[in-house]
Amino acid sequence: MSSEIVVVPHTHWDREWYEPHDVFRLRLVHMLDRLLVLLEEEPAYRFTLDGQAAAIEDYLEMRPENRDRVVALVEEGRLSLGPFLILLDEFACDGETIVRNLELGRAASARLGGVMPVGYLPDMFGHAAQMPQILRGFGIRHGALWRGAPAAVREHAFAWTAPNGDAVRCEYLFDGYGNGLDMFALAGQLADLAPDYAARTASWYGDDPVLAMLGTDHSAPPEDLAEVVAAYDALGGAPRMSIATLDEHLARYGTDDAALERLPSVRGELRSHARGNLLPGVFSIRTNLKAEMGRTERALAAAERLDLVFGSRDHRRFFDTAWYRLVESTAHDSVTGCGVDATAEQVGTRIHTAGHIARGVIDSVMRDLARGVTPAQHLVFNPAGAARRTQVEVTLHDAEARELSAGVQLLDPLPTVLGDERLRTADLPKILRRIHGRELFGQQINGYAWGASSLRFRVAESPEGVWDLAAFTAELEERVAADPEGEAVWHVETIADPRRRALLAADVPGLGLAAVSETAAPAPTDPVRVTARSLANAALTATVADDGTVRIEAADGTVLDGALTIVDDGDRGDSYNYGPVADEGGVSSSVTTPRSVEIVVQEEGPLRGRLLIRRAYDVPEGLDESRRRSSATVPLVVETTVELREGEPFLRVGVDHVNTASDHRLRVLVPVGGVDLDASRSAGQYGITVRGREAEGGWGEYPLPTYPAYRFAAAGRAAVLVRKLTEYELVSAPGGDDALALTLSRSVGMMSVNLHPLRDEPAGSEIPVPGAQYLGVAVHTDLAILPSSDDAAIVRASDLFRHDPIVVRGTGERDLPLPAPAVAGVLDGDVVLESARRVDDQAELRFVNYLDEERVLGFAAPGAWTRTDLDGRPEGAADPGSLSVPGGQVVTIRRRLDT
């Protein structure tokens, strides 16, 4: 039995949850006001501030006068901060966002005196496989966590190993992050309770000191803790007791290879239910928050890449602000959606703010570039690392009267009459207030004509000739003066040149720019063929059946039949866990047969074909008083767009529905071309994870095998590419192949329920969250179906699916040579680009090999490149064109930008 107990005073501060952020912050400020006094008055006291720097930044925003006091305590080693900015949910954001979290958190902590070198992950709902590599990339060799460790872990520490082989020493908080509370719960009983706790945990600790985490949600340990511990120690009994910060305690353990080899090893993600609830329903609740997170991550990635390669202005502070807003939204009670409605609204606003900044940077850089070509051309930027044939939507004027290249596909015409009204002479000056420069109705004024009682503006997307606002104003004033009574009626029209939307094909290098026009767009080499029920190119044929499902036939012989079946289940759970509804006495729990099906051809190729499938269902409106599905139904319309593009090997799918029912889960099935498969796999957070059909249980939570996917989910001969955190499950489809079931939306009305069919204990308070029912809310889901079992092909396809090209029409007076990129290179192979940005005077690029096997990076780029860790520390010169990248490895390279 251990002869020592180390007490670590701390708080677990959910920044927002069952109260919004600013309500909790007020309580935080009051708590830290008292804590600072306590630490200053009691030298033996220590405090660990929850591993997230946002807590101290929130405090100092309200108490800036206390900054020096905080710095003094941190520098003395008595207050531990960081290393994260926020205690994230590791599956609710992508890998690059986790890196930025540590960058922001470590920088904020360093500004205040020092960074806790421990990957403290106390309450996350499971842990991503690549977290050990990410921690090691910042020089962090210790981790500490509670949820997710498998039942095979039977000691207080293990070596947690990432897919690439990097490992950290992980302190397992097997009894939770408040395991020391019971020893101090009864006044005067510590002399009896401490030895008892040491004895009860002896099998975990052996002779090592017992770690007693003293703290819990939104609270601080007792102010007399140091006095109580000193009095206990004065008795001279065993075990001895001391107070430390978490990093002080863990510093006694070695983290070199030899020390790690002596520990039990756990490889990959930690998603076992053996000793703690994982609460996997957070992956499917409030799915629009997840969609906005994914959109903003992609927008920020594109903005940084564009700014690095072609930007000429300083946007660093904008990016800092955007990443801060995004990262603080990744907290495990924030983007997860398991808080109250007010919290979800605030999180959504922050994510939107980050997205607006990204769009602002993109607009600014593209606007600058547009000045280098005339309006006859469009500039296309490819944010993906690999070169691609793509299509961009543009507006063409007088398309029918012009000779278009074969690389143009005309879409629907746009309205030409933008304004049509009658105005009295006295009201004619209103027209001047509508004109901004030469913009009117979002178009540019290219001419106008006065009649005896009429005025007609001619407008277009691009300006032509000179617009003289002063001359027009003088003419208008003359007509007003000529009608002193002001009662004559004028017919005022704004007529746009004939125009229509169109697709242009473009060949664009990775991280590169191309100029394309409707007269020179490259002709399709693999045109899309469209019939009333089918889409086809060289790679696959998709045919819509009478029931609205789709049969996909690939060129290699793979057949996926019955794709896009809709399944509707009742849900009597809460925001943390799906809760199945018993069928007895109620209607069927699954609705798979639509009441009506309509199929409409929207686009006929050759660059892009689209079919709209509109299916109407009657679904139970909710649950009755017995918590079974109601016999009353409501209509639910699901509109599914299936799209095939020239040269793409996957079928793009957009699913739209406005939710009309309560307490249910809506899923879509994608068959995988096999039966009784034993595993699935998904990608996200810099890695691919393989998962069985059953999850490990053991705690008071039924281990549903529903898992997170961030980039794709795959099984058998099919992969489903996704653009947001998506819950999926490998299921047995009736009468056919196994299928991946992907959740479109899940609707519940309680944050947590005390009586849950799949969970023994509540996950929080029973608080109504009517917003989580999503009644009347429109939900859009983007995905793509790729018939393939080759992970290399899936990784490449998912990267292209994530990154849409950016297009702008030229605004210059003449065509100039395209600007030389600040970073030029050709990426060829299976390793994908994750990030490209400016860091001070350097270009930084980050790549990931998602595969198990070693691959060559294959980024042929001029310049003297240096390989670094995630923190930017140099690791030696590197030739990115020939660099070998082990399976699962993250690689970061930098070079100085030319000045």
Would you check, one step at a time, whether the test side-chain hydrogen bond (donor to acceptor under 3.5 Å, both in side chains) holds for Glu16 with Ser334? CA-CA 7 Å; Glu16 54 202 354; Ser334 297; 2.6 Å; yes
Given side chain to side chain contact (heavy atoms under 4.5 Å, CB included), test Glu57 with Tyr324 step by step and report yes or no. CA-CA 12 Å; Glu57 294 214 315; Tyr324 197 103; 2.6 Å; yes
Might you work through the side chain to side chain contact (heavy atoms under 4.5 Å, CB included) test for Met241 and Val7, ending with a clear yes or no? CA-CA 7 Å; Met241 187 173 289; Val7 179; 3.8 Å; yes
Verify salt bridge (Lys or Arg N to Asp or Glu O under 4.0 Å) between Arg837 and Glu844, making sure each step is shown before the conclusion. CA-CA 5 Å; Arg837 59 172 174 163; Glu844 180 193 84; 2.8 Å; yes
In sequence, state the C-alpha distance, the side-chain angles, and the governing distance for Asp89 and Leu725, and then conclude on side chain to side chain contact (heavy atoms under 4.5 Å, CB included). CA-CA 11 Å; Asp89 185 283; Leu725 170 60; 5.7 Å; no
Could you check Thr255 against Leu250 for side chain to side chain contact (heavy atoms under 4.5 Å, CB included), going step by step and ending with a plain yes or no? CA-CA 10 Å; Thr255 57; Leu250 296 181; over 6 Å; no
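Looking at residues two or more places apart in sequence or on another chain, you find no ring-ring contact (aromatic ring centres under 6.0 Å, His included) involving Phe158.
Donor-acceptor pairing under 3.5 Å is recorded for the side chains of Tyr197 and Asp175. Checking Thr866 against Arg894 by side-chain atom types alone, no donor-acceptor pair falls below 3.5 Å. A side-chain donor from one of Ser835 and Arg100 sits under 3.5 Å from a side-chain acceptor of the other. Remark: the Asp247 side chain and the Ser80 side chain contain an N/O donor-acceptor pair separated by less than 3.5 Å.
No side-chain heavy atom of Tyr45 sits less than 4.5 Å from a side-chain heavy atom of Val229. Between Tyr686 and Glu96 the shortest side-chain heavy-atom distance falls below 4.5 Å. At a threshold of 4.5 Å between non-hydrogen side-chain atoms, the residues Gln130 and Pro163 count as touching. Within the 4.5 Å cutoff, side-chain heavy atoms of Leu845 are placed close to those of Leu308. For the pair Phe47 and Thr245, the minimum side-chain heavy-atom distance is 4.5 Å or more. Looking at heavy atoms from C-beta onward, Glu297 lies in side-chain contact with Tyr710 at the 4.5 angstrom threshold. By the 4.5 Å heavy-atom criterion applied to side chains, Val210 and Pro239 are not counted as neighbours. Contact annotation: the side chain of Trp146 never approaches that of Pro122 to less than 4.5 Å [non-hydrogen atoms, C-beta and beyond].
Under the 6.0 Å distance and 45° angle rule, Arg271 counts as a cation-pi partner of Phe91.
Of the candidates Asp58, Asp333, Thr343, Asp58 is the only one forming a side-chain hydrogen bond (donor to acceptor under 3.5 Å, both in side chains) with Arg15.
Here the side chain of His218 pairs a donor or acceptor atom with the backbone of Asp14 at under 3.5 angstrom. No donor-acceptor distance shorter than 3.5 angstrom exists from the side chain of Asp320 to the backbone of Leu104, with no hydrogens or angles considered. Between the side chain of Glu834 and the main chain of Val848, no donor-acceptor pair closer than 3.5 Å is present. Not a single donor-acceptor pair under 3.5 Å links the side chain of Arg325 to the backbone N or O of Thr321. In this structure a side-chain-to-backbone donor-acceptor pair under 3.5 Å is present from Thr330 to Val327.
Between Asn179 and Leu211, the shortest heavy-atom contact is ND2-O, 2.8 Å. Taking every heavy atom of both residues into account, Ala331 and Thr336 meet most closely at O-OG1, 4.0 Å. When every heavy atom of Glu304 is checked against every heavy atom of Trp323, the shortest pair comes out as OE2-NE1, 2.9 Å. Minimum interatomic distance between Gly337 and Ser575 (heavy atoms only, all atoms of both residues): O-CB, 4.2 Å. Among all heavy-atom pairs drawn from Pro209 and Val6, the shortest one is CB-CG2, 4.0 Å. Between Ala354 and Thr296, the shortest heavy-atom distance links the atoms CB-CG2, 3.7 Å.
Proximity of the aromatic rings of His332 and His12 is defined here by a centroid distance below 6.0 angstrom, and this criterion is met.
With respect to the salt-bridge test (charged N to carboxylate O, under 4.0 angstrom), the residues Arg873 and Glu875 do not qualify.
Within 6.0 Å of atom CZ in Arg316, 12 or fewer heavy atoms from other residues, nucleotides or ligands are found, so the atom counts as exposed in its surroundings. Counting heavy atoms of neighbouring residues, nucleotides and ligands inside a 6.0 Å radius, atom CZ of Arg359 does not exceed 12 of them. Within 6.0 Å of CG on Asp257 lie no more than 12 heavy atoms contributed by other residues, nucleotides or ligands. Summarising the local packing, CG of Asp207 is surrounded by 12 or fewer heavy atoms from other residues, nucleotides or ligands at distances under 6.0 Å. Atom CZ of Arg252 sits in a crowded spot, with more than 12 heavy atoms from other residues, nucleotides or ligands closer than 6.0 Å. The number of heavy-atom neighbours closer than 6.0 Å to CG of Asp33, taken from other residues, nucleotides and ligands shown, is above 12. The number of heavy-atom neighbours closer than 6.0 Å to OH of Tyr253, taken from other residues, nucleotides and ligands shown, is above 12.
Relative ring orientation between Phe174 and Trp204 is described as parallel, the plane-to-plane angle staying below 30° on a 0-90° scale split at 30° and 60°. Relative orientation of the His352 and His356 rings is parallel, given thresholds of 30° and 60° on the angle between their planes.
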